[in-house]
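Have a look at the structure below before the remarks.
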Amino acid sequence: MKILGFRSDPSTPRYAIVDGSTTALALLNADAESRLRFPADCNSEAAQVTWLYREFERIFHIHPDIGRVIIKKGEFTQGDNNAKRVASYQEAALLLYCGLHNKPVVAKIYASLGTRSAQVKDHAIARVGQTTRYWDGKMADAIIAAWWGATNP
């Protein structure tokens, strides 16, 4: 079964697709698309959420055998700002897609994923792997989310 891990970001959300059907988990998009960059004319929150929803439709069309979705939620604090709100709208777009298409979805934070922000890159590499381009902590979050989904049925 394929698992989609998702990490929101105000400018470039990230996603990982992990094949969990074998004992050695494989990051299927290690050398392919892993970030969703908004078009230049997509500058309102409504336009971005609509565009992102359509990207989810495209991803699920390419990978119809995705059986589970794990979202790495933002860690909310007292000093939350508009960027975190925008990120939560992105998570809501994926929740809506999954709800309308009967895809199981779970939202997790670092503590429930067995990692921390400072360790997530190392943990992602050790457990599944990393992308060859645009490697960062947000991508590691998406990979760890997908890893969790593959190892916790």
Side-chain angles (χ1 to χ4, degrees), residues 1-18 20 27-121 123-124 128-150 152:
M1 168 174 49
K2 290 181 184 174
I3 297 94
L4 179 118
F6 178 76
R7 179 62 160 100
S8 59
D9 181 77
S11 61
T12 310
R14 304 301 299 269
Y15 73 97
I17 299 175
V18 170
L27 178 59
L28 299 178
N29 61 330
D31 299 321
E33 175 189 67
S34 64
R35 60 185 191 156
L36 300 168
R37 296 193 56 129
F38 295 107
D41 64 341
C42 194
N43 48 23
S44 74
E45 292 168 349
Q48 288 180 349
V49 169
T50 302
W51 180 85
L52 192 57
Y53 183 89
R54 289 188 180 126
E55 286 297 289
F56 294 139
E57 289 178 323
R58 180 184 64 81
I59 292 166
F60 279 90
H61 179 74
I62 294 168
H63 301 278
D65 52 344
I66 291 173
R68 194 169 186 202
V69 176
I70 311 298
I71 298 171
K72 167 47 183 90
K73 295 192 310 186
E75 309 277 334
F76 293 104
T77 62
Q78 255 185 337
D80 285 346
N81 55 27
N82 191 50
K84 287 200 176 179
R85 282 191 220 68
V86 170
S88 67
Y89 301 158
Q90 295 171 1
E91 294 165 8
L94 183 53
L95 288 166
L96 177 62
Y97 179 89
C98 291
L100 292 175
H101 294 89
N102 297 316
K103 296 285 184 183
V105 62
V106 176
K108 299 300 229 171
I109 60 173
Y110 283 126
S112 59
L113 291 171
T115 191
R116 296 180 307 153
S117 178
Q119 300 170 317
V120 72
K121 289 170 98 176
H123 285 169
V128 181
Q130 72 182 76
T131 55
T132 56
R133 298 180 319 173
Y134 311 116
W135 176 244
D136 64 6
K138 301 280 177 151
M139 188 62 212
D141 287 345
I143 291 170
I144 286 295
W147 164 82
W148 187 92
N152 294 276

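Source: prediction; values computed, not measured. Each residue takes its place number in the sequence, starting with 1.
T12 and R37 are not linked by any side-chain donor-acceptor pair at a separation below 3.5 angstrom, with hydrogens and angles left out of the test. Side-chain contact annotation: Y110 with R116, donor-acceptor N/O pair under 3.5 Å absent.
Residue K103 holds its NZ atom at 7.0 Å from CD1 of I66, rounded to the nearest 0.5 Å. Put simply, CD1 on I59 and CZ on R54 are 14.5 Å apart, with the number rounded to the nearest 0.5 Å. Distance check: K121 NZ to D141 CG gives 10.5 Å after rounding to the nearest 0.5 Å. Taking CH2 of W148 as the start and OG of S112 as the end, the distance is 7.0 Å to the nearest 0.5 Å. To the nearest 0.5 Å, atom CD1 of residue I70 and atom CD1 of residue I144 are 12.5 Å apart. Interatomic distance, Q90 CD to R7 CZ, rounded to the nearest 0.5 Å: 9.5 Å.
Heavy-atom minimum distance, T115 versus H123: OG1-ND1, 2.7 Å. Taking every heavy atom of both residues into account, A145 and L113 meet most closely at CA-CD2, 4.2 Å. Residues G67 and P104 come closest through the heavy atom pair O-CD, 3.3 Å. Here the shortest heavy-atom pairing between A146 and A16 reads CB-O, 4.2 Å.
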Working for side chain to side chain donor-acceptor pair (under 3.5 Å), residues T132 and D31: CA-CA 6 Å; T132 56; D31 299 321; 3.0 Å; yes
Step-by-step side chain to side chain contact (heavy atoms under 4.5 Å, CB included) determination, V106 to V69: CA-CA 6 Å; V106 176; V69 176; over 6 Å; no
W135 vs I143, side chain to side chain contact (heavy atoms under 4.5 Å, CB included): CA-CA, chis, key distance, verdict: CA-CA 11 Å; W135 176 244; I143 291 170; 3.5 Å; yes
Check against side chain to side chain contact (heavy atoms under 4.5 Å, CB included), I71 and L95: CA-CA 9 Å; I71 298 171; L95 288 166; 4.0 Å; yes
Trace of the salt bridge (Lys or Arg N to Asp or Glu O under 4.0 Å) decision for R35 with D9: CA-CA 10 Å; R35 60 185 191 156; D9 181 77; over 6 Å; no
Worked check of side chain to side chain contact (heavy atoms under 4.5 Å, CB included) between Y53 and L94: CA-CA 7 Å; Y53 183 89; L94 183 53; over 6 Å; no
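Within the 4.5 Å cutoff, no side-chain heavy atoms of F60 are placed close to those of D65. The shortest distance between side-chain heavy atoms of S11 and F38 does not fall below 4.5 Å. Side-chain contact between V18 and L28: absent, with no pair of heavy atoms (C-beta onward) separated by less than 4.5 Å. Side chains of L27 and Q130 form no contact here, defined as non-hydrogen atoms less than 4.5 Å apart. The shortest distance between side-chain heavy atoms of L4 and R68 does not fall below 4.5 Å. R14 has its side chain within reach of Y134: a pair of non-hydrogen atoms, C-beta onward, lies under 4.5 Å apart.
Between R58 and E33 there is a salt bridge, since at least one side-chain N of the basic residue sits less than 4.0 Å from a carboxylate O of the acidic one.
The backbone N or O of E57 lies less than 3.5 Å from no partner atom in the side chain of H61, so there is not a single donor-acceptor pair. Side-chain atoms of N29 do not come within 3.5 Å of backbone N or O of A32 as any donor-acceptor pair.
In this structure, F56 has its ring center no closer than 6.0 Å to that of Y15.
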